[in-house]
Amino acid sequence: MWQLRFWTYFLLLALSLAPVQRVVACSCMRSHPQKVFCQSDFVVLVKVKKMNIINEHEASYNVKINKFFKVNNGKTYAALKKNLLFTPSMDSMCSAGLTAGKTYVVSGNTANYKAHISLCGLSMQWRTVNRSQRKAFRQLYKHGCSCQIHYTHWWTKGAALENTGGKECLWESQPGPEHCQTNFGICMPISGGCSWFHTIAYKNCIKEYQQQQLNQQKQEKFRLIY
């Protein structure tokens, strides 16, 4: 009987000490930076001054806009000139999660004369954006907006190539060259379709990736032999 009382007490104690986990409802589709750029009403470089909680559902950021990479129309431009970016107030609602004092490239859409951003758009600290992506934001992404970027698992690449007819850029999951295509890939129109634009940075990344794959295959063969 004492054992039953002991384990009952232990269970109640464990439950009382267990942290209450917050249910996170935020969910975003996996998207290449170029696709997000093309689908957004605006893409801008901003320095965040402060965050303001408006109510339980909405917050805003006071920002200084350092550069306009993309603005769809006059209404979007007018909304941005207010230097206010609106976002959900809670992480569970996909708040953009920006930090005051830091500089970001962000994307979003406008509604009711307000500029809205969220975690599902671009919210990249500018200091982490590599040289190739900076050039893409300034010049190159916009030239590929007529192209489609098709995310595919590496083991279905053959079927994806057949389904797309080679006319879309395949964004391959790990252990495919996903990081090369994310960090250095720009999908551009070519004759008869679209393809990754082979910049020097992209080619170097692919070459390094292929060498790593070759080394891994050699190691696996060595383990099988010995």
Side-chain angles (χ1 to χ4, degrees), residues 24 26 28-53 59-72 76-77 79-91 93-110 115-145 149 151 169 171-174 177-188 196-209 212:
V24 178
C26 176
C28 305
M29 288 186 63
R30 192 179 189 88
S31 296
H32 189 276
Q34 177 177 326
K35 184 174 182 179
V36 180
F37 178 97
C38 293
Q39 292 181 340
S40 300
D41 288 340
F42 63 86
V43 181
V44 290
L45 182 66
V46 301
K47 183 171 183 179
V48 180
K49 294 182 177 180
K50 66 176 181 177
M51 180 181 183
N52 311 294
I53 301 297
S60 67
Y61 293 103
N62 286 88
V63 300
K64 176 186 177 185
I65 299 180
N66 293 330
K67 192 169 184 64
F68 295 90
F69 293 127
K70 177 187 179 184
V71 180
N72 266 6
T76 297
Y77 183 76
L80 290 170
K81 290 299 287 183
K82 298 175 183 177
N83 294 313
L84 283 174
L85 301 177
F86 294 85
T87 189
S89 58
M90 295 184 291
D91 292 344
M93 297 169 64
C94 295
S95 171
L98 308 185
T99 301
K102 295 184 178 181
T103 300
Y104 297 85
V105 55
V106 297
S107 68
N109 295 285
T110 51
H116 297 270
I117 62 173
S118 76
L119 185 65
C120 296
L122 296 169
S123 54
M124 303 166 65
Q125 276 197 57
W126 189 240
R127 65 179 180 83
T128 69
V129 179
N130 66 56
R131 185 179 299 178
S132 294
Q133 285 180 317
R134 291 186 182 201
K135 187 174 182 180
F137 284 124
R138 292 189 180 106
Q139 304 175 30
L140 299 178
Y141 279 158
K142 62 183 178 182
H143 296 301
C145 285
I149 298 175
Y151 185 76
C169 294
W171 184 26
E172 302 170 47
S173 72
Q174 297 286 354
E178 178 180 353
H179 68 286
C180 294
Q181 294 158 345
T182 301
N183 296 324
F184 307 105
I186 303 161
C187 186
M188 299 287 281
W196 295 113
F197 183 47
H198 287 190
T199 61
I200 293 175
Y202 182 78
K203 288 191 288 186
N204 287 342
C205 186
I206 292 294
K207 186 183 295 184
E208 182 180 343
Y209 161 77
Q212 289 175 350

**Q** So V44 and N66, side-chain contact (heavy atoms from CB on, under 4.5 Å) or not? Walk me through it.
**A** CA-CA 8 Å; V44 290; N66 293 330; over 6 Å; no

**Q** Can you sort out the partners of N52 under side-chain contact (heavy atoms from CB on, under 4.5 Å), two or more places apart, ordered by chain and number?
**A** K50, S60, N62

**Q** Apply the test side-chain contact (heavy atoms from CB on, under 4.5 Å) to residues Y104 and L122: give CA-CA distance (whole Å), side-chain angles for both, the deciding distance (0.1 Å), then the verdict.
**A** CA-CA 9 Å; Y104 297 85; L122 296 169; over 6 Å; no

**Q** Holding to side chain to side chain donor-acceptor pair (under 3.5 Å), I want the full list of residues that pass it with W171, two or more places apart in sequence or in another chain.
**A** T182

**Q** List the residues meeting ring pair (Phe, Tyr, Trp, His ring centres under 6.0 Å) with Y141, not counting sequence neighbours, and say none if there are none.
**A** F37, F137

**Q** For residues 197-209, which side-chain N or O atoms pair as donor and acceptor with protein atoms under 3.5 Å away, sequence neighbours left out?
**A**
unit_1, atom_1, unit_2, atom_2, d
T199, OG1, Y202, N, 3.1
N204, ND2, I200, O, 3.4
Y209, OH, P175, O, 2.8

**Q** Which heavy atom of A100 sits nearest to which heavy atom of K49, and what is that distance?
**A** CB-O, 3.5 Å

**Q** Looking only at non-hydrogen atoms, find the nearest pair between F184 and S132 and report the distance.
**A** CD2-OG, 3.6 Å

**Q** Do S95 and M90 have side-chain heavy atoms sitting under 4.5 Å apart?
**A**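 No; the side chains remain at least 4.5 Å from each other.
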
**Q** Counting C-beta onward and ignoring hydrogens, is there a side-chain heavy-atom pair between F69 and K142 closer than 4.5 Å?
**A** no

**Q** Is atom NZ of K47 surrounded by more than 12 heavy atoms (other residues, nucleotides or ligands) closer than 6.0 Å?
**A** no

**Q** Taking the side chain as C-beta and beyond, is there a heavy-atom pair between S123 and I117 under 4.5 Å?
**A**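 S123 vs I117: side chains apart.
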
**Q** Regarding C28 and C120, I want to know if their SG-SG distance comes in below 2.5 Å, which is how I'm defining a disulfide.
**A** yes

**Q** Is K102 reaching over with its side chain to a backbone N or O of V48, donor-acceptor style, under 3.5 angstrom?
**A**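 No: the side chain of K102 does not pair with the backbone of V48.
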
**Q** Only one of F42, Y77, F86 passes side-chain contact (heavy atoms from CB on, under 4.5 Å) with T110; say which it is.
**A** F42

**Q** Identify the heavy atoms of T87 and C94 that sit nearest to each other, and give their distance.
**A**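 Distance-wise, the nearest heavy atoms are OG1-O, 4.3 Å.
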
**Q** Please find the pair of heavy atoms, one from M188 and one from L140, that lie closest to each other, and give the distance.
**A** SD-O, 3.9 Å

**Q** Between atom OG of S173 and atom CD of Q181, what is the distance when rounded to the nearest 0.5 Å?
**A**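 If we round to the nearest 0.5 Å, S173:OG and Q181:CD are 10.0 Å apart.
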
**Q** How about K82: does its NZ atom have over 12 heavy atoms from other parts shown lying under 6.0 Å from it?
**A**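 Yes, enclosed.
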
**Q** Starting from the C-alpha separation in whole Å, work towards a yes-or-no answer on side-chain contact (heavy atoms from CB on, under 4.5 Å) for N183 and Q133.
**A** CA-CA 7 Å; N183 296 324; Q133 285 180 317; 4.2 Å; yes

**Q** Going by the rule salt bridge (Lys or Arg N to Asp or Glu O under 4.0 Å), which residues pair with R127 if we only count those two or more places apart in sequence or in a different chain?
**A** none

**Q** Taking side chain to side chain donor-acceptor pair (under 3.5 Å) as the test, write out the residues that go with N72, two or more places apart.
**A** D41

**Q** Would you say that V46 contacts I65 through its side chain, given a criterion of any heavy-atom pair below 4.5 Å between the two side chains?
**A** yes

